[in-house]
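In this chain, numbering begins with 1 at the start of the sequence shown. Values below: all heavy atoms of this structure, side chains included; hydrogens, waters and symmetry mates excluded.
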Amino acid sequence: MAEETARAFDAIIARADPPVWIVTVATEERRAGCLVGFASQVSIEPRQFLVGLSTANHTFAIAGDAKYLAVHMLDGEDLALAHLFGAETGTELDKFEHCEWAPGPHGLPILTGAAGWFTGEVTQRVEFGDHVGYLLAPTAAAAPAEDRSSLRFHSVAELEPGHPAG
C-alpha cells in the first residue's frame, strides 16, 4: 500500500473514533484480558460480534483454545481500566490483581467496573493479518445504564501498548 494511502486510511479510521473494548478469557489454569480496538457487531439475526485479537498479545495465547470470551464496554471516562488492559502485558502482570472482577458465565472473569458486558461462544476463528478474528454468538449479557457512554479510540490513542504492535 502506498504511504499516502496508508496515512489517509489511518486518518479516516481515527476520525471515525470507534469504541474500544476489553476482552477477557480464562482457562482452568490461566486468565487474561486486553484492550481491543478491532471489534463490531456483524449480524443482526442471529446476533454475532467479531473481535480481533493481536497475535502478539498474551491474551491471544490464552484464547487459542477458548470456547468463550467476555467483551466489556467501558464507560467513556474509564481510562484506568483501559490503561491497565491496554498498556500492561499479562506476561509481566496479573491484571486481575489490580481491578475488581468476579467469576461470570462460563468461568470468565467479568470486570465489575465495566459499563456493560456480554459473553460469547466462539463459533469461528479467522486470520486477518496480524490479528485473528473471533466470531462470537452472545450467551449472557449485562446492559449498561442509560446514562453510560462507551470509551472511544481518541481517549486511548496515546497509550503505549503492553506488547509490540503487530
Side-chain angles (χ1 to χ4, degrees), residues 13-26 31-44 47-64 66-90 95-96 98-126 128-163 165-166:
I13 299 304
R15 284 185 184 82
D17 203 21
V20 294
W21 309 83
I22 291 177
V23 172
T24 59
V25 63
R31 61 184 179 234
C34 63
L35 187 68
V36 172
F38 301 141
S40 179
Q41 182 175 352
V42 294
S43 175
I44 296 170
R47 287 170 179 78
Q48 295 181 354
F49 192 85
L50 181 69
V51 60
L53 296 180
S54 168
T55 58
N57 195 302
H58 176 70
T59 303
F60 172 75
I62 309 293
K67 293 182 181 178
Y68 301 94
L69 300 177
V71 180
H72 302 80
M73 179 186 141
L74 299 179
D75 186 83
E77 303 298 317
D78 199 348
L79 292 174
L81 274 176
H83 184 273
L84 177 62
F85 283 86
E88 302 293 340
T89 177
K95 298 174 188 179
F96 298 94
H98 301 276
C99 66
E100 293 184 28
W101 66 279
H106 318 294
L108 293 167
I110 301 299
L111 305 176
T112 57
W117 58 268
F118 69 90
T119 58
E121 180 180 7
V122 178
T123 62
Q124 191 174 15
R125 290 174 173 85
V126 180
F128 294 119
D130 58 7
H131 283 66
V132 170
Y134 289 73
L135 186 62
L136 305 176
T139 59
E146 289 291 324
D147 63 342
R148 310 267 318 254
S149 63
S150 65
L151 186 66
R152 309 303 276 196
F153 172 77
H154 79 273
S155 297
V156 299
E158 300 301 317
L159 279 181
E160 287 291 323
H163 62 83

Residue pair [X] / [Y]: nearest heavy atoms and the distance that separates them:
| X | Y | result |
| --- | --- | --- |
| Gly104 | Ile110 | CA-CG1, 3.7 Å |
| Ala70 | Leu108 | N-CD1, 3.7 Å |
| Ala63 | Leu69 | CB-CD2, 4.0 Å |
| Thr24 | Pro109 | OG1-O, 2.7 Å |
| Val25 | Ala66 | CG2-CB, 3.5 Å |
| Leu81 | Ala114 | CD1-N, 4.2 Å |

Distance in Å, [X] [atom1] paired with [Y] [atom2], rounded so as to fall on 0.5 Å steps:
| X | Y | atom1 | atom2 | value |
| --- | --- | --- | --- | --- |
| Phe96 | Leu84 | CZ | CG | 8.5 Å |
| Glu88 | His58 | CD | NE2 | 13.0 Å |
| Leu135 | Thr123 | CG | OG1 | 3.5 Å |

Donor-acceptor pair, side chain of [X] and main chain of [Y], under 3.5 angstrom:
| X | Y | answer |
| --- | --- | --- |
| Asp17 | Phe153 | yes |
| Thr112 | Glu100 | yes |
| His131 | Leu53 | no |

TODO: For His106 and Thr139, test the side chains for any donor-to-acceptor distance below 3.5 angstrom and give the result as yes or no.
DONE: yes
Open item on the list: Let's go through Val71 and Ile22 carefully: what are the C-alpha distance in whole Å and the side-chain angles of both, what is the deciding distance for side-chain contact (heavy atoms from CB on, under 4.5 Å) to 0.1 Å, and is it a yes or a no?
Closed with: CA-CA 6 Å; Val71 180; Ile22 291 177; over 6 Å; no
Between [Y] and [X], is there a side-chain heavy-atom distance shorter than 4.5 Å?
| X | Y | result |
| --- | --- | --- |
| Val122 | Lys67 | no |
| Val156 | Leu79 | yes |
| Pro138 | Thr119 | no |
| Trp21 | Leu35 | no |
| Phe85 | Lys95 | yes |
| Met73 | Trp117 | no |

- [ ] Not counting sequence neighbours, which residues clear side-chain hydrogen bond (donor to acceptor under 3.5 Å, both in side chains) with His83? List them please.
- [x] none
Task: Flag if over 12 foreign heavy atoms under 6.0 Å of CZ, Phe38 - done: no
- [ ] Count the heavy atoms of every other residue, nucleotide or ligand shown that sit under 6.0 Å from CZ of Arg125, and state whether that count exceeds 12.
- [x] yes
TODO: Could you tell me whether Phe118 and Phe49 have their ring centroids closer than 6.0 angstrom?
DONE: yes
TODO: Verify whether the ring centers belonging to Tyr68 and Tyr134 lie closer than 6.0 Å.
DONE: no
Task: Working for side-chain contact (heavy atoms from CB on, under 4.5 Å), residues Leu50 and Ser40 - done: CA-CA 5 Å; Leu50 181 69; Ser40 179; 5.8 Å; no
TODO: Go through the structure and list residues passing side-chain contact (heavy atoms from CB on, under 4.5 Å) with Ser149, not counting sequence neighbours.
DONE: none
Open item on the list: As a test of understanding, state which of Asp75, Asp78, Leu74 forms a side-chain contact (heavy atoms from CB on, under 4.5 Å) with Arg148.
Closed with: Asp75
Task: Residue pair Val20, Val36: steps toward the side-chain contact (heavy atoms from CB on, under 4.5 Å) verdict - done: CA-CA 6 Å; Val20 294; Val36 172; over 6 Å; no
